Amino acid sequence: MTGPLVPFREVVLKVHSRCDLACDHCYVYEHADQSWRTRPKTISDEVIFRTAQRLAEHAKTHALPSVSVILHGGEPLLAGPARLRRICEELTSAFDGVAALDLRIHTNGLQLSPRYLDLFSEYDVKVGISLDGDRAANDRHRRFADGRSSHPLVLKAVELLRQERYRHLNLGLLCTIDIANDPVAVLDALTELEPPLIDFLLPHATWDDPPPRPDGSPTAYADWLLAVFDRWQEQGRPVPVRIFSSVASTLTGGPSLTESLGLAPTDLVVVETDGRLEQVDSLKSAYEGAAATGFDVFANAFDEVAAHPGVRARQLGLEGVSETCRRCPVVRSCGGGLYTHRYNSAGDGDGFDNPSVYCHDLAALVRGIEARTPADTVAPAVADPVELLTAQEDLTRTLLARLHADLDGLGGERWAAAWELAAVLEGSEEGARGLDGVLAHPYTRTWLLDALDALHEARPQAASTAADGLQTLIAAAAVRAGLDLRVPVPYRDGGLVLPTLGRLTVAGPGERGTVLVRAAGDGFLAGPAAGSAERRIRRSAEAEPGWLPVRAFALPGGPFPGHGFVIDDLDPYRDCFGAPAAPTLDAVGAGRLGDALTEAWALIEERAPAHGAGCADGPFPLTLTPLTGLTPGEPSVGRHGYGAFGIGADEEAGTLALTLLRGVRRARFRALVDVTDLYAADGSWEHRMPWREELVPFSRMLADVHERLALAAFDSRYRDGVPQALDTLEGAAELTVGGKRLLALMRKEF
């Protein structure tokens, strides 16, 4: 099997191999593998020492920041306080200076007492307790050998863990599902105990020994869990539930949060009481020896176990699931189910190349949670232009805050002074509007990304250049707001550029320096120093000597004030496209391009009104930058914020209309991808593009169909293949909840 070795970040350490309960659903004692009978009851000093050394060595080799060790059994508390102390001491000592150690213990709670919890507090051992719900539910399986109830003692342990002095150790409750139990009663009993987490576990089963289904329903376990989900929603989600959080995470493009779901590679290994190294413990449900590797802590390093074929088989992600699962649209969320649950002795190969025995349950659970998740809480930016702009502004502000934090004083007095002025702007309504307008400028994002790259790559003058950019941004914001703040602004090559406003010539070519800028009436004043002669510039007056404003063009019928577009051929950060920026246009050239653009918008309004004046969504104008070397009809989207794209400067109106349609859609799609996960696992599958007869990744297909819908509204020739492409997208496993919402809107457009 190919691919890099996946190091172990989680270790289950069996400290005692016997138990004080006789649970009839226990995979250790009641299922196929009975190797516990030959194990020592308690882990020895030698095994403890060698495990600690081997594990620390593994963490050091792979530079792991942390490793989680789960003390397990049988019932681990039966090892006694002295033995558990020895384990904690050895592990803590071995990991000192190597990696952080996350110690945990999973227990039935019967032996839990202050003596144990004081020890656990000393070593910060988190405690998870198994409890299957109310007394009736818990006693269905979790009884003593003589039939007595364990429920009162477990509740006593939970209450002890809830005490203020031990609450920081509470890991939560583990509940094994039995569909014979009342799901609402089970959840109510568990949430009443206010645990930090509830972990519902499907009972271990295989195709050889399938789970009970009294009514024969193939989705009985999903139905039970969805009843829990509904009750949990009704309660206001009072406690995190891992299986629900995991499904929600994968539906929105995030990772799985549990080994039993999702495609993340396994990074867990088991150390038995005799020092033998085994695969995940649940494999004991499959057949005798299924978890064995033939390795132990005395003779073998953890890397040898990580390279074992059985371990590697659970690290292959999508390649490690059956062909049936690979074709299933919910595979990203269910991951083919727990590896053990796929076992069928009559199957091909090693018997694990099958869907889960809970296949129908997992599919129904994922779809049920998706159906119960309001779309507007998942991806509001997909449907609402204002939400998209807000999310984009939040992203820009986050990048600005990150640059401030990463500079950590390196920007010097100039950065600090400009940062203080930003706070002054935020303190008034006019100032905040002015700052918002500059932050919404697409090339502000370009400056931020370039500044962060320069800083992280330790380029010369990175901090000074960042300070230059912030001063310029603050000056433009103050002028837009009409606030009389004197802001020093650097200029290069004799020119001072105020983003969104224009360029002022202040000196000769090649000269550089600093100008003080402050707002004044309908423009601003600029002078070399305080008290010196200042030039008064009217913002919109192109006739001012040395002043060239950004050219703005209004579009009738827009949904927002100031709706339209600007031709920005001035901003120094506009050269962020694949093609070079064209030289600054003279008045005649700018007027001619403006007329062509206005005519192109009129054509769109006439032939595809849904994509006309209202398609440049948002209260800020589109920023169009003339480029050279573009193919006619093809815009360019580059490294910038929302609302900009590059266009050819000499296209006729009909071709320019296609450029605008494509550019708006590309800019919007890119903006959505910036702030919303529309898909996940991109590139894991390939899809056929109907109009090109080629195989492409999902991201390419979704972007192309999104763009083609606008073109089809303008020219019916672009409709060919769109229905087939929409169907392909709808059945794809990569699609997230946000992506599905976008797809639904795309279908309405068609």
Side-chain angles (χ1 to χ4, degrees), residues 386-387 389-405 407 411-448 451 466-491 496-504 514-527 529-531 534-541 547 549-550 552 560-563 566 568 570-571 573 618-621 623 641-643:
V386 175
E387 287 283 355
L389 282 164
T390 300
Q392 282 286 318
E393 182 180 339
D394 287 346
L395 177 57
T396 300
R397 285 180 175 273
T398 298
L399 289 171
L400 181 58
R402 180 182 168 191
L403 179 58
H404 178 66
L407 279 167
E413 293 183 3
R414 291 197 299 125
W415 178 276
W419 191 259
E420 288 182 9
L421 286 175
V424 173
L425 287 169
E426 292 276 41
S428 70
E429 186 176 340
E430 298 87 351
R433 276 202 305 268
L435 188 57
D436 285 345
V438 178
L439 289 176
H441 181 49
Y443 301 133
T444 296
R445 179 84 57 81
T446 312
W447 160 66
L448 281 167
D468 290 351
L470 185 62
Q471 287 180 311
T472 303
L473 184 150
I474 296 302
V479 171
R480 289 174 64 100
L483 296 181
D484 188 14
L485 297 176
R486 282 184 168 83
V487 185
V489 186
Y491 63 84
L496 166 71
V497 176
L498 295 177
T500 74
L501 299 176
R503 184 182 190 274
L504 177 66
T514 301
V515 171
L516 283 177
V517 173
R518 63 189 178 97
D522 62 349
F524 62 94
L525 300 174
E534 295 176 309
R535 291 179 59 185
R536 178 180 292 273
I537 304 296
R538 288 176 296 154
R539 286 170 48 183
S540 59
W547 171 245
V550 172
F560 301 103
H563 183 80
V566 299
D568 194 335
L570 305 171
D571 196 289
Y573 288 96
F620 301 110
T623 299
Y642 182 36

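Predicted model only: the values in this text are computed from it and were never measured.
Ion pairing of D522 with R538 is absent here, as no side-chain N (NZ or NE/NH1/NH2) approaches a carboxylate O to less than 4.0 Å. Ion pairing of R397 with D436 is present here, as a side-chain N (NZ or NE/NH1/NH2) and a carboxylate O approach within less than 4.0 Å.
No side-chain heavy atom of Y573 sits less than 4.5 Å from a side-chain heavy atom of L448. Between Q471 and T514 there is no side-chain heavy-atom pair separated by less than 4.5 Å. Side-chain contact between L473 and L435 is present, with heavy atoms from C-beta onward closer than 4.5 Å. Put simply, the side chain of D468 reaches to within 4.5 Å of the side chain of R414, judged on heavy atoms. Taking the side chain as every heavy atom from C-beta outward, L570 and Y443 never approach each other to under 4.5 Å. By the 4.5 Å heavy-atom criterion applied to side chains, T396 and Y642 are not counted as neighbours. A heavy-atom distance below 4.5 Å is not found between the side chains of V550 and T623. Side-chain atoms of R445 and L395, non-hydrogen and from C-beta on, do get closer than 4.5 Å to each other.
Ring geometry for H404 versus W415: interplanar angle under 30°, hence parallel rather than tilted (30 to 60°).
In this structure, CG on D568 lies 10.0 Å from CG on L501, to the nearest 0.5 angstrom. How far CG of L504 is from CD1 of I537: 5.0 Å, rounded to the nearest 0.5 Å. Between the CZ atom of R486 and the CG atom of L525 there is a distance of 8.5 Å, given to the nearest 0.5 Å. Between the CG atom in L498 and the CZ atom in R539 there is a gap of 10.0 Å [rounded to 0.5 Å]. From F524, atom CZ reaches atom CG of L496 across 6.5 Å, with rounding to the nearest 0.5 Å.
For H441 against P499, the heavy-atom pair with the smallest separation is CD2-CB, 3.8 Å. In terms of heavy-atom proximity, D484 sits nearest to A519 at OD1-O, 4.1 Å. Contact between V479 and G523 at its shortest, heavy atoms only, is CG1-O, 4.1 Å. Here the shortest heavy-atom pairing between A478 and L425 reads CA-CD2, 4.0 Å. The shortest non-hydrogen separation linking G431 to A481 is CA-CB, 3.7 Å. Closest non-hydrogen pair, A466 versus L407, comes out as CB-CD1, 4.3 Å.
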When you look at T472 and V497, which way does the side chain to side chain contact (heavy atoms under 4.5 Å, CB included) test go after all the steps? CA-CA 8 Å; T472 303; V497 176; 5.7 Å; no
Stepwise side chain to side chain contact (heavy atoms under 4.5 Å, CB included) check, W447 with L400: CA-CA 10 Å; W447 160 66; L400 181 58; 4.1 Å; yes
Full working for side chain to side chain contact (heavy atoms under 4.5 Å, CB included) between L403 and L470: CA-CA 10 Å; L403 179 58; L470 185 62; over 6 Å; no
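Side chain of T444 to backbone of V438: a donor-acceptor contact under 3.5 angstrom is found.
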